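Worksheet: the structure to be examined is printed underneath.
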Amino acid sequence: MSTVTVQLFASYVESFGGPTLEIPLDPGSTVGDLVHSIRSLPGAYVLPESPRVAVNRRFASFDQVVDPRDEVALIPPVAGG
Amino acid sequence: MSTVTVQLFASYVESFGGPTLEIPLDPGSTVGDLVHSIRSLPGAYVLPESPRVAVNRRFASFDQVVDPRDEVALIPPVAGG
Amino acid sequence: MRRSAIVTRAIDPATLMAEVQSTEFGAISVFAGTVRDTNDGRSVTAIDYSAYTSMAESELESILAEAQDRFGVMGIVAEHRVGTLAIGDVSVAIVAAHAHRGPALDCTRFVIEEIKKRVPIWKREHYADGAREWVDPTARRVATT
Amino acid sequence: MRRSAIVTRAIDPATLMAEVQSTEFGAISVFAGTVRDTNDGRSVTAIDYSAYTSMAESELESILAEAQDRFGVMGIVAEHRVGTLAIGDVSVAIVAAHAHRGPALDCTRFVIEEIKKRVPIWKREHYADGAREWVDPTARRVATT
């Protein structure tokens, strides 16, 4: 089984204890599967009901399939401006 | 019978041939009466259906009574900005 | 704070922004009107702005007071220039500052719309063909082609 | 023209206005966000802005492209600053220019609203009592009194 690197930002770095997560990935796994795996980690209590995930720098839907080489990021509620 | 001075601006100066009009004023005359008098002058064809009149630097309704000492102005369609 | 003026010199929006800025505000909205090189398909070379100055000053001040009342206490400054303006010159600038962006943005729009309706200022465009005409925004546009 | 950037230096709205200005435009609308000294009743001394920079750049550029498409061809520039900002510093500035005021005003509002929704930038406020907290606009506010 391969893994995918998930980038973390802002408060999530503190909640999950580091700037990235390595998440196991079955072939054909989706963003939704990834979020499901992340929910089992310590620190996941900070996640909202539907966390936003970016794949290759674009917001992704939960049914998008994830490749291990994708650039994946878990996006905390944005607060720019 | 007294008169009131009506200030003109912009295109109205050209239409009426000068910067002011002297309009005869009966006691108790209103803005509407004033506009009625002005309509009989050469150049009045430029007036819209309901010309805007300012009395003492504020837009006045047609039923406002005009005093000979009031500062009266006929306001062409504004085009500031 | 609140200030408005009819001016005969150049308007600098950045100076107005500095004037309203305060640490209590998180949002500044600016609107600047400038002289375009074209209007209704005609090539414009300059614009004369004239005003019934005393009334224009009091109307502009009334508009800002209404805006402050409507959108909450805030910093607001507006200047309108009169005289002959060249292409690109700023004819009007409005700066509104507020703790939050919504009221600041609403305020700027309100003020420019009200200026267009009721501040006694007029403009005469100079065209490339030498003609000069007073602009009447209420007139029906006539096709020139 | 169109340009957007995530920057680590000071933002000068006047420079951005000069950048978009063109004789074809009659209206320039500017929005600037600045660091306020108070938020939700707490005294703020500074704000750290951090970003997922590569995505923030592409999202910001997408927003401007959408704005150009939605409001017609126009000049538009936006910059968002990251790093530690002091009270009064400009965190974001948007400048939109158009022949007419309506689209320029609509465009500026559209861009700031979209930035708030989808550009991956976060802020951590420093409070006068020494605490530092990430701001979560989606969190329910808890009364502190």
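Chain letters run A, B, ... following the sequence lines, proteins first and then strands; every chain starts at 1. Worth saying up front: this structure is predicted, and the values here are computed from it rather than measured. Values below: every heavy atom of this structure, side chains too, minus hydrogens, waters and symmetry copies.
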- Task: Identify the two heavy atoms, one from C:R36 and one from D:E24, that lie closest to each other, and give their separation to 0.1 Å.
- Result: CD-O, 3.4 Å
- Query: What heavy-atom pair brings C:A32 and D:M17 nearest, and what distance separates the two atoms?
  - Reply: CB-CE, 4.3 Å
- Message: Can you tell me which of C:A27, C:A14, C:G88 forms the most heavy-atom pairs within a distance under 4.5 Å of chain D?
- Response: C:A27
- Less than 4.5 Å apart, any side-chain heavy atom of D:F31 and any of C:I28? no
- Task: Against chain D, label C:D106 side chain, backbone, both or neither, depending on which of its atoms sit under 4.5 Å from a heavy atom there.
- Result: both
- Task: Report the residue from D:T38, D:I87, D:V35 that forms a side chain to side chain contact (heavy atoms under 4.5 Å, CB included) with C:T23.
- Result: D:I87
- Roughly how far apart are C:R101 CZ and D:K116 NZ, rounded to 0.5 Å? 4.5 Å
- Message: Can a donor-acceptor pair be found, under 3.5 Å and without considering hydrogens, that links the side chain of C:T34 to the backbone of D:F25?
- Response: yes
- Hits for ring-ring contact (aromatic ring centres under 6.0 Å, His included) against C:H98, two or more places apart or cross-chain, chain-then-number order -> none
- Message: Tell me which of these, C:S22, C:A99, C:S29, has more heavy-atom pairs under 4.5 Å with chain D than the rest.
- Response: C:A99
